[in-house]
Amino acid sequence: MGTYLRSAARGGWKATCMSIVVWVLSFQASNAADLSVSSPPGTPATTTAASAGTATTTTPHSGNSADPNANSSANLTTQPERPGGETPRATRMRPASSPLATESAQSAQSAQSSVHGAPDDEAHEGPARPGAALPIPPENTAVTHHSVVLDGKKIAYTATAGNLLLRNDAGEPTASVFYVAYTADSKTPSQRPVTFLFNGGPGAGTVFLLMGSFGPKRVHTSSPDITPPAPYVLADNPDSLLDQSDLVFIDAVGAGFSRIVGHGTPKAFYGADADLGAFTQFIDRYLTANQRWNSPKYLLGESYGTTRAAMLAYRLSENGIAFNGVILMSSVLNYAHYAPGTDFRVESYLPTYAAIAWYHNKISPRPTNLAAWVDEARAFARGPYAAALAQGDALPDSERDAIAAQIAHYTGLDVQYVKDTNLRVGPGRFRKQLLKSESRTLGRYDARFEGIDYDNVSEVPDYDASVTSVANAFTGALHQYLAEDLHYTPTDRYRVFNGEAGREWDMKHRAWWGEQLAVPYAAGDLAEAMRQNPQLRVLSLNGYYDLATPFFATEYDLAHMTLDASLHSHIQIEYYPTGHMIYLDDGALHSLKGDLDRFYGQAGHADGHQ
């Protein structure tokens with residue numbers, strides 16, 4: 001990171017700022033460790049077998065079929081996705097000398113220094129030389145048959161792991177997209193709901209949703225405690241969504257097992273709108289190849305995946321594909337909030353700080369009800385706090401002291417420390433300060449997790465305990481699951497996060513009204529999708545202890561979509577006493593499943609497996 005910033009600095013202030021933005025977009029100041037586990041080179045192509053005893057074979061298909069590819073990989077770079085939360089909040093376009101920029105740069109530098117696995121040149125996906133084409137794999141599927149008991153009822157299902165090829169306007173393959181699909185055996189499969197799920201990054205694979213959330217198998221963690229090393233527990237998931245909908249987990253191009261192929265280029269996929277084009281084409285192809293055009297359709301995105309899902313709802317409707325529901329977990333819906341000179345970033349974090357301070361017993365006297373306490377913090381954030389910050393340097397000293405005391409009351413921080421930050425406490429500093437007297441730090445994705453730093457002097461934590469505490473469990477579970485359940489033998493490495501994609505990501509987005517925006521305003525596109533499709537429903541899922549995508553910002557965005565009054569009831573917001581990956585906790589996942597059952601039922605398509 002240091003070398004990167006120094007070289008950028010030679011280009012002047014503007015270049016330095018832009019370099020910080022690009023780098024933070026890729027690494028999101030998350031302190032996440034990047035571990036990797038490789039499979040033996042030269043692994044043969046996938047063969048498949050039914051786990052229930054019925055053997056099936058891997059079948060290559062033409063470019064217009066729906067069969068996935070076994071020509072994939074097994075080097076799992078275990079770094080959780082970079083959710084959009086800290087990306088915009090990590091001081092976009094602020095000078096490196098700014099306290100918030102320093103906080104982000106230090107966290108980002110820590111993250112980069114811990115990256116293992118393939119070097120950048122190995123990860124590069126563009127052609128090796130002008131005119132050279134990358135290998136184009138065939139479309140293959142690995143198909144297995146299983147069953148799971150959900151709510152006392154046995155559901156037989158088919159698991160399909162494979163790839164579909166994406167093509168350019170000339171019909172040439174440019175990308176191979178990996179997916180894992182679960183379809184309940186049904187007399188009327190074309191009428192069952194189908195949900196497309198993805199993590200975000202940008203540049204992240206979907207291993208966390210695939211192995212930890214709503215599939216029929218799930219890895220168990222000790223959240224919010226540190227999950228011990230192997231053996232890990234991979235078991236049937238009683239809270240799977242398979243009783244409500246068929247599920248298709250998708251790796252974005254360049255992440256997971258998805259790859260740029262042929263004469264495809266990073267520029268064609270590494271950007272907000274380019275990514276939308278890839279997902280639109282994949283979903284179109286999947287619906288055609290699997291005869292699912294008449295199925296009720298849902299999107300479920302996590303983190304930057306919510307940005308993608310919100311914009312996809314409109315993009316897909318423009319391409320003749322209307323959706324029944326959009327599910328947003330840990331959202332980033334308006335990147336423009338975090339421009340320099342504005343204070344919404346710190347305002348949006350304050351209710352989250354209050355919830356975290358409550359959890360760690362730093363509020364005295366401690367309120368008995370978390371939701372009521374958070375409501376009180378919300379009122380302060382949107383009222384006196386926002387009004388005080390709006391005065392900027394003109395804020396009188398007496399008011400400054402009064403506001404500092406209230407911030408300290410809600411956050412559990414020292415009043416003088418709050419004053420020293422000019423009433424603007426960034427999330428990295430909060431993670432370091434709250435438990436400093438106990439020589440502990442807080443996790444970023446989930447502040448219930450506690451870490452141990454080298455010393456108590458640094459400004460921000462050395463690493464993200466909410467990452468290191470669970471990452472290895474997902475690594476082990478994925479490889480075990482591929483081998484033992486899906487009978488899928490990868491021949492390439494699995495990229496949990498593709499750093500090149502993050503570094504090169506083009507955030508520009510053409511909004512629904514035609515304007516080219518510097519950064520995505522996803523809530524605007526989602527609103528237009530709801531106006532054009534008044535039956536579309538939206539479910540927002542939020543963790544109280546998430547310091548990557550604070551729930552207050554999501555509430556603000558969903559409340560400012562200028563929707564007709566008849567559509568207000570079509571947006572539902574739920575909260576859970578967890579962090580970014582709500583599904584890590586068994587109890588929270590069970591509550592989450594109940595909320596999702598009701599959501600699918602409201603759309604009139606819960607059922608499923610006749």
Side-chain angles (χ1 to χ4, degrees), residues 80-81 146-151 153 155-161 179-184 192-200 204-221 223 233-251 256 295-303 305-306 308-309 323-331 470 473-474 477-478 481 485-486 537-543 572 574 576 578-601 603 605-609:
E81 66 164 310
H146 315 259
S147 64
V148 64
V149 176
L150 301 177
D151 198 23
K153 184 174 183 179
I155 298 178
Y157 68 91
T158 299
T160 303
Y179 69 95
V180 175
Y182 303 105
T183 55
R192 265 182 59 82
V194 58
T195 302
F196 298 94
L197 307 91
F198 35 80
N199 284 99
T206 300
V207 60
F208 292 95
L209 282 171
L210 174 64
M211 300 309 306
S213 65
F214 307 113
K217 288 276 192 176
R218 173 175 172 262
V219 61
H220 289 263
T221 70
S223 172
V233 178
L234 180 62
D236 284 351
N237 181 8
D239 292 307
S240 172
L241 268 175
L242 195 55
D243 59 343
Q244 296 290 346
S245 170
D246 292 338
L247 307 171
V248 184
F249 295 84
I250 309 166
D251 283 339
S295 294
K297 304 170 192 67
Y298 295 82
L299 296 170
L300 193 159
E302 179 183 342
S303 201
T306 64
R308 176 188 293 134
F323 271 71
N324 300 72
V326 177
I327 302 161
L328 308 171
M329 182 184 297
S330 306
S331 299
V470 300
F474 283 89
L478 175 68
Y481 186 58
D485 290 74
L486 300 186
R537 292 183 174 271
V538 175
L539 175 61
S540 171
L541 310 171
N542 305 269
Q572 176 183 345
E574 300 294 342
Y576 307 89
T578 59
H580 194 76
M581 293 182 281
I582 298 167
Y583 44 81
L584 287 183
D585 290 22
D586 293 347
L589 177 60
H590 187 69
S591 298
L592 180 57
K593 175 57 162 56
D595 291 333
L596 285 165
D597 285 347
R598 287 184 286 275
F599 180 72
Y600 280 86
H605 301 296
D607 162 16
H609 35 275

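Atoms considered below: every heavy atom in the structure, side chains included; atoms not considered: hydrogens, waters and symmetry mates. What you see is a predicted model, and the numbers here were worked out from it, not measured in a lab. Note that the numbering runs from 1 along the sequence shown for the chain.
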On the 0 to 90° scale, with breaks at 30° and 60°, tag the F249-Y182 ring pair as parallel, tilted or perpendicular.
perpendicular
Under the side-chain hydrogen bond (donor to acceptor under 3.5 Å, both in side chains) test against Y583, which residue among E302, K593, R218 passes?
E302
Closest heavy-atom pair and its distance - D585, S223:
OD1-OG, 2.6 Å
To the closest 0.5 Å, what do you measure between CZ (F214) and CG (L242)?
13.0 Å
Test applied, side-chain contact (heavy atoms from CB on, under 4.5 Å); reference residue, V180; option that passes from V248, L486, D251
L486
Are the side chain of N237 and the backbone of S213 linked by a donor-acceptor contact shorter than 3.5 Å?
yes
Could you pull out the closest heavy-atom pair between L209 and N199, with the gap in Å?
N-OD1, 3.2 Å
Please give me the minimum heavy-atom distance between L328 and A309, naming the atom from each residue.
CD2-CB, 4.1 Å
Can you find a pair of side-chain heavy atoms, one from T578 and one from L592, that are under 4.5 Å apart?
no
Rounded distance [0.5 Å steps], OG in S295 versus CG in N324
9.5 Å
Under the salt bridge (charged side-chain N to carboxylate O under 4.0 Å, His left out) rule, collect the residues that match up with D239, sequence neighbours excluded.
none
Are any of the side-chain heavy atoms of T206 and Y179 separated by less than 4.5 Å?
no
Donor-acceptor pair between D595 and Y576 side chains, under 3.5 angstrom
yes
Side-chain donor/acceptor of N542 to backbone N/O of M329, under 3.5 Å:
no
Mark yes or no for whether R537, through its side chain, and I327, through its backbone, hold a donor-acceptor pair below 3.5 Å.
no
Should D485 and K217 count as an ion pair when the cut-off is N to O under 4.0 Å?
yes
Pairwise distance CD1(I250) to CG(L210) - rounded to 0.5 angstrom
11.5 Å
Please check this pair: side chain of T306 against backbone of G301, looking for a donor-acceptor N/O pair closer than 3.5 Å.
no
Measuring from D597:CG to L241:CG, what's the distance to the nearest 0.5 Å?
7.0 Å
Could you tell me if the side chain of I155 sits less than 4.5 Å from the side chain of D243, heavy atoms only?
yes
Closest contact, heavy atoms only, S240 versus P216
OG-N, 3.6 Å
How long is the span from the OG1 atom in T183 to the OH atom in Y157, to the nearest 0.5 Å?
10.5 Å
Minimum heavy-atom distance between M211 and A477, given as atom pair plus value
CE-O, 3.7 Å
With sequence neighbours excluded, what pairs up with K297 under the salt bridge (charged side-chain N to carboxylate O under 4.0 Å, His left out) test?
none
Residue pair S245 / T195: nearest heavy atoms and the distance that separates them
OG-OG1, 2.8 Å
Measure up the F599 and Y298 rings against each other and bin them: parallel (under 30°), tilted (30 to 60°), perpendicular (over 60°).
perpendicular
